[in-house]
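Here's the structure we're looking at; comments come further down.
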Amino acid sequence: MKILILGSGGREHTFAYKIAQSPLTSKLFIAPGNAGTAQLGTNIEISVTDFEAIKDIVLQEQIEMIVVGPEDPLVRGIYDFFKSDEALKDIIVIGPSKEGAQLEGSKEYAKEFMERHQIPTAAYQSFTSDTVEDGKLFLESLKAPYVLKADGLAAGKGVLILNDIEEAKTELENMLTKQKFGKASEKVVIEEFLDGIELSVFVVTDGKNYKILPTAKDYKRIGEGDTGLNTGGMGAISPVPFADKEFLNKIEERIVKPTVKGLQEENIPYKGFIFIGLIKVGDDPKVIEYNVRMGDPETEVVLPRIQTDLVHIFKHIDKETLEQITLEIDDRTATTVMTVSGGYPEAYEKGKVITGLETIEESIVFHAGTKQDENAVITNGGRVIAITSLDEDYKKALKKSYQNIEKLHFDKMYYRKDLGFDL
Ligand code: AMP
Ligand code: GLY
């Protein structure tokens with residue numbers, strides 16, 4: 001089977017790594033890819049949202065399956081684009097329909113979906129520029145901290161958590177009337193603050209059946225001890241040690257089942273991944289967000305633990321026969337540590353030569369923001385290289401990742417040395 005992966009990060013390199021291992025894969029393409037994916041398949045220099053260019057490549061190369069990495073093309077409707085085109089409609093698309101992708105594309109949509117299907121989440125109300133004053137009154141009815149969320153996609157930056165009521169009111173106004181997050185904050189969801197520890201659960205679904213993948217936890221802040229600015233993710237660990245059987249059972253019964261059933265009842269085509277961000281409040285799971293794709297860097301720890309052929313899983317998703325599969329999961333713990341460019345998540349430089357890649361032993365190198373230059377691999381983004389290791393427990397796995405990172409070098413390289421500090 002000829003397969004195209006859309007995206008260019010560590011997540012997509014990990015997909016490429018698993019898909020390239022499958023005997024069902026005959027040829028692999030990645031658009032646009034990075035220096036890591038170039039070693040496993042053919043990179044194609046097109047944007048993930050240029051559907052016409054994607055169509056041309058798919059027809060020209062007779063691609064039979066596309067695996068969509070990031071949310072942007074999903075929210076813009078790449079699934080529907082394929083399914084409504086006579087020449088493309090039989091191509092397998094791993095990813096939800098445009099409607100399904102609204103679970104990530106609009107916080108309000110996700111909240112209303114959860115309300116309709118009695119899925120536990122924080123209490124909320126949403127506001128627009130016409131109802132700023134109502135929003136301020138609603139804030140006054142809540143206790144600090146105040147959680148303000150831009151309704152639309154804001155590249156992971158659209159959530160503000162504020163302790164001061166006056167600051168919360170000002171920011172609400174900035175979001176609604178001064179377009180703090182552009183169009184994404186034309187509507188704002190204000191919600192109850194949930195106090196607890198976070199984890200993520202990943203599900204694959206064919207729209208009727210589902211399989212729960214390993215749990216993971218990422219480290220979002222740039223600084224040690226979870227301080228400083230939010231990033232795309234500085235590392236991840238799978239499984240999450242505190243997610244025991246009983247807790248996972250609650251997640252399945254109260255959240256996963258009603259989510260998949262809700263999609264089916266509402267006739268929302270959904271053949272792909274659901275990434276459920278959760279907070280454990282006391283002993284109970286509550287949803288903080290849905291994403292309609294895998295996480296990055298969570299993919300770098302979740303997929304290496306899945307022993308079942310990924311392409312085989314995708315074919316069952318397409319045929320809506322996911323119930324026929326038994327997932328084989330590696331019992332070991334996986335950890336990944338992300339190296340980033342100095343300055344990230346604010347301004348940083350690109351084009352730095354990366355050395356030491358060939359010296360990594362007993363860990364897996366996943367490229368994120370990298371590019372193959374004439375005779376070197378160079379940095380090409382904020383997050384650069386993730387080093388994934390597997391071992392009996394997270395401490396041993398992390399030790400391997402950290403030992404290997406010491407052999408890596410690029411100018412102004414930074415990484416967090418404290419992953420797992422909270423476990
Ligand atoms: P989101 O983009 O919705 O995942 O929010 C980003 C981050 O904000 C989450 O990972 C949480 O750490 C935090 N967060 C979001 N919603 C809440 C909430 N209701 N209570 C507490 N923290 C939250
Ligand atoms: N690591 C968080 C995300 O992929 O959204």
Side-chain angles (χ1 to χ4, degrees), residues 7-12 14-15 68-72 74-75 103-111 114 120-126 139 142-163 168 175 181 184-185 188-202 215-222 226-238 240 273-282 284-303 336-338 340 345 366 368 382-383 386 416 419 422:
S8 62
R11 167 180 51 212
E12 288 75 19
T14 313
F15 271 117
V68 186
E71 62 277 17
D72 214 9
L74 293 167
V75 172
L103 284 180
E104 177 166 359
S106 163
K107 302 269 186 203
E108 185 183 48
Y109 181 96
K111 283 291 197 183
M114 288 186 265
T121 185
Y124 80 104
Q125 280 191 33
S126 54
L139 282 170
L142 299 173
K143 280 187 291 205
Y146 305 95
V147 183
L148 308 182
K149 299 186 172 186
D151 179 61
L153 289 185
K157 299 195 177 82
V159 176
L160 300 179
I161 299 182
L162 305 160
N163 282 310
M175 287 166 92
F181 299 108
S185 66
V188 171
V189 168
I190 301 181
E191 66 179 42
E192 164 201 12
F193 179 80
L194 300 175
D195 198 7
I197 182 158
E198 283 180 53
L199 76 156
S200 299
V201 169
F202 302 90
T215 56
K217 174 176 173 31
D218 77 340
Y219 290 83
K220 286 201 176 80
R221 303 292 197 91
I222 188 75
D226 284 343
T227 54
L229 294 174
N230 258 324
T231 70
M234 298 296 291
I237 295 179
S238 171
V240 182
F273 292 92
I274 313 175
F275 160 174
I276 309 174
L278 299 164
I279 295 195
K280 185 178 186 216
V281 183
D284 294 320
K286 293 203 179 195
V287 177
I288 30 175
E289 63 166 348
Y290 286 111
N291 293 303
V292 297
R293 51 172 174 87
M294 281 298 290
D296 192 353
E298 292 91 334
T299 306
E300 289 92 305
V301 290
V302 171
L303 290 193
T336 199
V337 181
M338 186 67 78
V340 306
F366 290 123
R383 295 193 290 171
R416 271 180 64 170
L419 300 193
D422 53 341

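Order of listing sets the numbers, starting from 1, for every ligand and every atom in it.
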For ligand 1, indicate whether the residue [X] contacts it via side chain, backbone, both or neither (heavy-atom separation under 4.0 Å).
X    : result
L194 : both
D195 : neither
E192 : backbone

**Message:** I'd like to know whether K111 forms a salt bridge (charged side-chain N to carboxylate O under 4.0 Å, His left out) with E191, so could you lay out the CA-CA distance, the side-chain angles of the two residues, the decisive distance to 0.1 Å, and finally the verdict.
**Reply:** CA-CA 10 Å; K111 283 291 197 183; E191 66 179 42; 3.0 Å; yes

**Asked** What is the distance from atom CG of L139 to atom CD1 of I190, rounded to the nearest 0.5 Å?
**Response**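 With rounding to 0.5 Å, CG (L139) is 4.0 Å from CD1 (I190).
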
**Approximate separation, where rounding is to 0.5 Å, of M234 CE and D226 CG** =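 Result: 11.0 Å between the selected atoms.
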
**Prompt:** Which protein residues have a heavy atom closer than 4.0 Å to any atom of ligand 2, listed by chain and number?
**Reply:** D218, G232, F275, R293, G295, D296, P297, E298

**Prompt:** Which residue and non-hydrogen atom of the protein lie closest to atom 23 (C) of ligand 1, and at what distance in Å?
**Reply:**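 Sorting protein heavy atoms by distance from atom 23 (C) of ligand 1 puts I161 CD1, 3.8 Å first.
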
**Message:** A side-chain contact here means heavy atoms from C-beta on lying under 4.5 Å apart; do P345 and I222 qualify?
**Reply:**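 In short, these two side chains touch, coming nearer than 4.5 Å.
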
**Message:** Do V301 and I237 make a side-chain contact, defined as non-hydrogen atoms from C-beta onward lying under 4.5 Å apart?
**Reply:**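 They are not in side-chain contact.
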
**side-chain hydrogen bond (donor to acceptor under 3.5 Å, both in side chains) partner of Y219, the single match among D422, T231, T336** =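 Of D422, T231, T336, side-chain hydrogen bond (donor to acceptor under 3.5 Å, both in side chains) with Y219 is met by D422 alone.
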
**Message:** Working note: V68 + R293, criterion side-chain contact (heavy atoms from CB on, under 4.5 Å); need CA distance, chi angles, decisive distance, verdict.
**Reply:** CA-CA 8 Å; V68 186; R293 51 172 174 87; over 6 Å; no

